[in-house]
Amino acid sequence: MEASTVQYRGFEIAVTPFTDHDDLWDFRYQITRAGDPEKAVIRHSVTRQQTMDGHTTESAAREAGTLLAKVDVDNFLALGK
């Protein structure tokens, strides 16, 4: 599957939906600072994935991943990092 990328509050969020069990869709996302030249370096960015529950469509998984990643960015900024 192809990743979709959005800019949010100075960060770049890349969400990739994938099929999991029972033909449901889950997602993984990666968060990096926008324009960061070292974003491909291991452990330089945040990568998470969801593999529980699942979504019935690829677009629903993509939207859920984007929303969850935005919450992650908001929490990161609230902590002053």
Side-chain angles (χ1 to χ4, degrees):
M1 300 304 127
E2 198 169 305
S4 65
T5 304
V6 296
Q7 301 291 321
Y8 181 72
R9 299 183 73 184
F11 290 83
E12 187 176 281
I13 299 170
V15 179
T16 307
F18 62 92
T19 53
D20 200 16
H21 65 286
D22 298 328
D23 294 328
L24 294 175
W25 290 88
D26 287 318
F27 58 83
R28 74 179 50 86
Y29 64 86
Q30 181 177 20
I31 302 171
T32 55
R33 290 202 184 270
D36 188 345
E38 295 188 46
K39 67 183 176 183
V41 176
I42 295 173
R43 294 195 177 104
H44 187 73
S45 59
V46 174
T47 303
R48 303 193 198 296
Q49 77 179 34
Q50 177 181 343
T51 58
M52 294 180 63
D53 299 331
H55 304 277
T56 55
T57 65
E58 178 180 1
S59 62
R62 187 181 313 274
E63 180 67 22
T66 301
L67 292 174
L68 189 57
K70 286 180 177 180
V71 170
D72 225 357
V73 168
D74 290 341
N75 289 338
F76 181 77
L77 293 173
L79 293 172
K81 296 191 175 193

Quiz prompt | From CA spacing to verdict: side-chain contact (heavy atoms from CB on, under 4.5 Å), Y8, D74 | solution = CA-CA 9 Å; Y8 181 72; D74 290 341; 2.9 Å; yes
Quiz item: Taking all non-hydrogen atoms of both residues, which atom of R62 and which atom of E2 are closest, and how far apart?
Solution: NH1-O, 3.2 Å
Self-check item: Student check: side-chain heavy atoms of L77 and R9 closer than 4.5 Å
Solution: yes
Quiz item: side-chain contact (heavy atoms from CB on, under 4.5 Å) between I31 and E12: does it pass, once the steps are laid out?
Solution: CA-CA 6 Å; I31 302 171; E12 187 176 281; over 6 Å; no
Self-check item: Rounded distance [0.5 Å steps], CG in D72 versus CG in L67
Solution: 12.5 Å
Practice problem: Look up atom CZ in F18 and atom CG in D26, then write down how far apart they are to the nearest 0.5 Å. | Solution: 5.0 Å
Quiz item: Can you tell me if CG on D23 sees more than 12 non-hydrogen neighbours from other groups inside 6.0 Å?
Solution: no
Quiz item: Run the side-chain contact (heavy atoms from CB on, under 4.5 Å) check on L24 and T19 step by step: do they pass?
Solution: CA-CA 6 Å; L24 294 175; T19 53; over 6 Å; no
Quiz item: CZ of F76 to CZ of R33: how many Å apart, nearest 0.5 Å?
Solution: 5.0 Å
Practice problem: Quick one: pull up OG1 in T57 and NE2 in H55 and give me the separation to the nearest 0.5 Å. | Solution: 8.5 Å
Quiz item: Please walk me through it: do L68 and F27 pass side-chain contact (heavy atoms from CB on, under 4.5 Å)?
Solution: CA-CA 10 Å; L68 189 57; F27 58 83; 3.9 Å; yes
Quiz prompt | NZ or CZ of R48 within 45° of Y29 ring axis and under 6.0 Å | solution = no
